[in-house]
Novice: 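For reference, the structure I am asking about is given below.
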Amino acid sequence: MPELKNTEKADAGAAPGILMELWRATWRYRRRTLAALVLLVLAKVAAVCVPLVFKRIVDLFSSPGSLASELNTGTSPLAPNGAHIIMLPVFLLVGYALLRFLSTLFTELRDLCYARVTLVTVADFAQRALAHMHRMGPRFHLQMHTGAMIRDMDRGTAGVGFLLGALLFTLLPTLVEIVSVMAIMAAGYSLWFTAIIFLTFIVYASYTTVMTRRRVLFQRRVNELDSRSNGLLLDSLVNQEAVRNNARGPQEVQRYQKARNAWVEQSVENQKALSALHLGQGAIIAFGVGAIMLFAGLEAIHGRITVGDLVLLNTYVIQICLPLNALGFLFREARDALTNAEKLRQMLALRPEIEESARATPLTVTRGEVIFEHVDFSYEPGRQVLWDVSFRIGPGQTVAVVGGSGSGKSTLARLLLRTYDPQRGRVLIDDCDISMVTLESLRAAVGVVPQDSTLFNESVAYNIAYGRPGASMVEIIEAAKAAQIDELIASLPQHFDTLVGERGLKLSGGEKQRIAIARAFLKNAPIMLLDEATSALDTRSEKAIQTQLDRLAAHRTTLVIAHRLSTIVDADHILVLDKGRIVEQGGHEELLSRRGLYAQLWDLQLQKQEFDRLERKLVRQPLNLGVLLASVVDGLGSVLEAKSIQLYTHIHPEPLRISGDPSVLSQAIWDICMHAIDATPAGGRIELRLERAGERAQLSLTDGRHLSPSDSSVQEPVSSKFDPLVLRSSIERQGGKLTIKLPTSVQGMRFSVDLPLRGTRATAAGGAALLPGQPESAGLGGVEVLIVDDSEAVRAFFESVLHAEGARTYSFSSGQQVLDWLEARPLQQWPAVLICDSSLGKEDGRQVMARIRDMEEAKGIALARRMSAIALTNSSQPNEGLIVLMSGFQSHLSKTASPSEVIAGVAALARRGGHAAVQTNEQGEQK
Ligand SMILES: Nc1ncnc2c1ncn2[C@@H]1O[C@H](COP(=O)(O)OP(=O)(O)OP(=O)(O)O)[C@@H](O)[C@H]1O
């Protein structure tokens with residue numbers, strides 16, 4: 001087993017530390033930084049001078065022989081006219097005020113000058129982080145929680161900003177201030193003052209260091225828990241569809257709550273440590289200030305310092321203590337910021353799994369030949385996924401890869417895109433090893449329609465143009481046409497500007513796939529990779545776009561990874577993968593004739609298609625659209641009344657029968673109606689029409705909004721949750737089509753739903769309205785049929801077929817149930833025909849039949865009035881007819897009988913029994 005050669009690992013040794021990063025940023029903006037430093041020094045000089053000037057003012061006024069006392073005694077030599085007496089203090093006072101202002105002015109100018117350095121560095125870091133994340137391989141992203149990663153990036157970039165600003169402009173100025181104050185004190189006063197301040201500073205710094213180191217552990221844990229709970233939150237929201245579908249909402253909240261509780265507990269511990277730190281720091285400062293003032297007081301009493309000196313010392317002590325406090329805060333924050341920034345730096349230092357070779361050259365595709373040469377690959381050691389895979393896709397050829405789930409098909413696509421490198425062997429494009437070309441040129445040469453297309457929460461146009469940035473609108477429209485999504489887009493209110501929702505959630509899987517196809521058309525790359533490109537489409541849509549995919553593949557070298565073999569029968573070459581090895585290859589017919597794995601997959605697929613067909617048939621019921629509409633309109637009564645909206649209806653007189661899921665269709669009609677009511681002003685009108693247009697039923701609803709001639713924009717109702725994309729998908733899934741016509745100045749917005757009519761026989765006009773789901777009058781109108789089968793699917797199938805023909809059915813899953821039901825029912829209400837499984841699980845259908853015949857006998861029912869019965873059998877054996885006749889049945893049907901066989905069988909018995917609507921005999925006599 002080959003070793004994994006590419007692993008994403010921290011290159012911590014080679015990468016510069018965070019301080020180096022900061023130095024680089026500072027150096028990049030050295031002029032600004034220098035200017036900011038000059039302003040900083042000026043601001044601090046002004047700040048340190050303020051108390052000095054103040055001391056002079058105080059001394060002038062308070063010292064014996066000062067101006068104030070001389071003025072009081074009238075002995076001042078400077079006061080011949082009194083003007084000089086006023087001039088000197090005013091000059092000092094103005095100077096004092098000016099110095100104060102200059103300190104603020106220089107500080108603000110400094111911040112202004114330096115803001116760009118910090119902001120650009122932070123933005124640059126964030127940008128580098130994003131670019132780096134995109135360079136990292138899937139292995140890295142699979143390991144990471146996206147939410148936690150975003151949080152780390154946020155904290156890291158904020159940390160960088162803090163360190164840049166704080167270190168230079170808080171730590172440095174604080175140190176400047178402390179040193180200059182201590183120098184002034186040492187020069188002018190007793191060294192004791194300096195010693196006390198120095199001691200206070202040392203004790204404070206040591207205490208803060210020890211305590212902060214302890215607290216960093218708490219902070220780190222808080223950060224981890226915070227990132228984890230945010231990761232959970234994001235994961236939960238990103239997968240909200242899965243959460244909803246599995247009804248796991250409460251569990252998700254619980255999981256999040258658990259993570260948040262742990263975060264709360266740890267944050268409380270962190271706060272305790274912080275409070276202890278603050279209290280200790282406060283005590284040390286109080287001790288220092290108290291000691292200095294005590295000492296200064298003693299000095300003043302002994303006349304060794306003036307009142308001005310006392311004031312100056314007091315101011316300096318406060319001035320020095322405040323920065324000390326700031327230093328403490330700074331120390332703590334800087335540690336946090338350093339931790340966060342370092343974490344981000346380490347993330348940036350991780351080497352991507354796939355790196356371009358230093359000698360990589362851009363790939364130029366001339367012919368478009370792709371070769372896999374003896375490729376071995378494993379995602380993780382000890383579990384090889386591909387074994388010696390070799391194949392060639394000739395220029396312009398289409399090669400399809402088929403195989404069971406997990407056989408390694410998508411891995412081939414990943415290797416072609418160089419998402420991973422093989423451990424052995426090579427992948428070549430036009431004889432060029434893809435590990436020797438630039439990644440950008442390689443990925444530009446390969447167009448991809450992925451298995452699961454995710455879209456950006458941007459406009460449709462943006463998502464299509466993603467394939468080729470800078471594409472013109474005309475090119476985008478062309479690509480949309482090629483992918484057959486132009487009609488859908490044209491009917492959207494904002495057309496190409498419609499937002500597709502987060503990850504394209506407003507679109508169905510098929511629509512997203514078509515946008516991905518449009519994107520690939522626009523990219524127009526010489527090599528195409530279709531990774532189960534039609535997997536999200538139903539058979540109808542698949543057929544509709546298969547031609548487009550074929551066009552996409554035409555004249556391009558194409559690798560198709562297919563699940564539906566029907567889509568690749570025309571491929572030039574088919575590779576059959578099994579557990580990472582190519583076990584068969586050749587053309588479709590050739591592979592079928594070999595009767596190997598491909599032939600088995602083909603047979604399985606045919607069976608599945610048949611099963612799907614039957615399943616679809618069972619879900620879709622025959623419906624009378626008029627009746628369905630009537631029930632919706634009935635529910636709208638109060639809403640219409642509340643807004644005084646008048647509804648005008650025009651309903652086709654004959655029943656229009658369609659096939660579909662009644663709940664989906666009535667929800668769709670309800671949504672359109674509610675949207676129309678929302679959009680129509682109070683007192684307005686809405687028109688609802690149900691018409692027949694050839695072989696289609698057309699339901700159209702025109703709402704009451706009009707455009708004023710001066711306003712061409714469509715006003716969407718504010719409260720509306722209506723989503724045309726979702727609606728369109730659900731109608732299309734019912735085989736219908738939705739078109740939306742924008743409002744004009746004379747007519748409101750018009751929604752039309754076209755649905756194909758069922759191929760029914762002519763029925764009497766103006767038939768009585770039926771409730772939805774109630775059988776319609778048709779070829780078996782009025783015939784009542786009992787269905788007994790332990791399989792729900794079989795019961796549903798017969799019900800659906802018989803309802804379509806107007807029969808009424810009663811279904812039971814066991815023989816005992818039907819016997820009890822018949823026993824309790826009056827004879828004249830017994831159904832005409834019985835369809836009963838010949839083997840009902842533990843019961844025997846033939847015995848059930850025999851007991852019913854016994855009951856008829858016991859109740860004295862005439863032969864002509866006895867129930868006709870059909871046995872359901874699993875296979876048609878030659879003597880089956882005889883067996884069922886012997887057990888009381890009149891005929892038999894295979895469980896896999898076609899609908900027409902079922903109808904013919906029931907009709908024949910009903911007619912014979914005189915029960916069909918067409919031949920009802922009042923007296924019950926056989927005609
Ligand atoms: N990122 C990964 N890390 C580890 N193992 C992986 C990874 N991706 C796929 N595998 C494994 O590699 C094997 C091949 O996966 P691959 O996706 O190529 O299969 P596939 O044939 O495309 O399957 P499917 O048809 O179900 O999509 C599987 O066993 C899968 O579990």
Side-chain angles (χ1 to χ4, degrees), residues 1-9 133-146 149 235 242 350 352-354 370 372 374-391 393 398-425 427 434 446 448-454 509 512-513 516 528-537 542 558-568 571 573-585 591 596-598 600-602 604-605 608-609:
M1 169 71 64
E3 281 286 302
L4 275 181
K5 80 174 178 202
N6 289 308
T7 47
E8 285 157 342
K9 50 184 180 286
M133 296 304 133
H134 280 305
R135 273 198 302 275
M136 298 307 284
R139 204 189 303 271
F140 168 83
H141 287 282
L142 287 174
Q143 279 167 6
M144 299 295 283
H145 255 289
T146 315
M149 200 159 73
D235 214 24
L350 291 174
E353 181 169 349
I354 298 295
V370 173
F372 274 62
H374 302 292
V375 168
D376 280 355
F377 178 72
S378 41
Y379 288 99
E380 45 206 35
R383 190 162 164 249
Q384 192 159 342
V385 171
L386 293 179
W387 302 76
D388 196 24
V389 170
S390 296
F391 64 91
I393 316 177
T398 296
V399 167
V401 189
V402 300
S405 181
S407 57
K409 303 183 295 293
S410 302
T411 305
L412 291 180
R414 288 175 205 134
L415 292 180
L416 178 58
L417 283 168
R418 216 182 152 216
T419 312
Y420 298 93
D421 276 340
Q423 279 82 45
R424 191 175 76 95
V427 180
I434 60 167
V446 184
V448 186
V449 181
Q451 200 173 65
D452 179 20
S453 323
T454 48
K512 279 197 278 187
Q513 205 80 320
M528 275 295 154
L529 190 56
L530 311 181
D531 189 355
E532 288 169 311
T534 54
S535 61
L537 308 180
E542 181 192 323
T558 308
L559 180 64
V560 183
I561 290 158
H563 253 202
R564 292 190 182 169
L565 305 193
S566 56
T567 59
I568 47 115
H573 199 71
I574 298 169
L575 307 172
V576 186
L577 269 190
D578 187 28
K579 300 191 187 84
R581 288 190 165 86
I582 298 180
V583 289
E584 283 174 29
Q585 52 184 306
L591 289 171
L597 183 60
Y598 183 80
Q600 278 177 28
L601 290 170
W602 181 256
L604 270 174
Q605 175 131 349
K608 184 173 180 303
Q609 272 172 3

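Order of appearance sets the numbers: ligands from 1, and atoms from 1 within every ligand.
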Novice: Under a 4.0 Å threshold between the charged nitrogen and the carboxylate oxygen, would Arg418 count as salt-bridged to Asp421?
Specialist: yes
Novice: Side chain, backbone, both or neither: which applies to Phe377 and ligand 1 if a contact is any heavy-atom pair less than 4.0 Å apart?
Specialist: neither
Novice: Provide the number and element of each atom of ligand 1 under 4.0 Å from a heavy atom of Arg414.
Specialist: 8 (N), 9 (C), 17 (O)
Novice: Identify, by atom number and element, the atoms of ligand 1 in contact range of Glu380, meaning under 4.0 Å from any of its heavy atoms.
Specialist: 4 (C)
Novice: Between Thr411 and Tyr379, do the side chains contain a donor N or O and an acceptor N or O under 3.5 Å apart?
Specialist: yes
Novice: Please state which part of Val385 comes within less than 4.0 Å of ligand 1, counting heavy atoms only: side chain, backbone, both or neither.
Specialist: side chain
Novice: Applying side-chain contact (heavy atoms from CB on, under 4.5 Å) between Met528 and each of Thr558, Val446, Val448, report the one that passes.
Specialist: Thr558
Novice: Under 4.0 Å between a Lys/Arg side-chain N and an Asp/Glu carboxylate O for Arg424 and Asp388?
Specialist: yes
Novice: So, Lys409 side chain and Gly404 main chain: donor-acceptor pair closer than 3.5 Å or not?
Specialist: yes
Novice: What about Lys409: any of its N or O atoms under 3.5 Å from an N or O on ligand 1?
Specialist: yes
Novice: Please list, in number order, the atoms of ligand 1 under 4.0 Å from a heavy atom of Tyr420.
Specialist: 1 (N)
Novice: Using modelled atom types and a 3.5 Å cut-off, is there a donor and acceptor pairing between side-chain atoms of Glu584 and backbone atoms of Leu597?
Specialist: yes
Novice: Counting from 1, what ligand 1 atoms have a heavy atom of Ser410 closer than 4.0 Å?
Specialist: 17 (O), 18 (O), 20 (P), 22 (O), 27 (O)
Novice: Find all atoms of ligand 1 within a distance of less than 4.0 Å from any non-hydrogen atom belonging to Thr411, and give their numbers and elements.
Specialist: 14 (C), 15 (O), 16 (P), 18 (O)
Novice: Knowing that exactly one of Leu559, Leu412, Ile561 qualifies, which makes a side-chain contact (heavy atoms from CB on, under 4.5 Å) with Asp531?
Specialist: Ile561
Novice: Tell me, please: is Gly403 in heavy-atom contact with ligand 1, that is, under 4.0 Å?
Specialist: no
Novice: Please list, in number order, the atoms of ligand 1 under 4.0 Å from a heavy atom of Gly404.
Specialist: 21 (O)
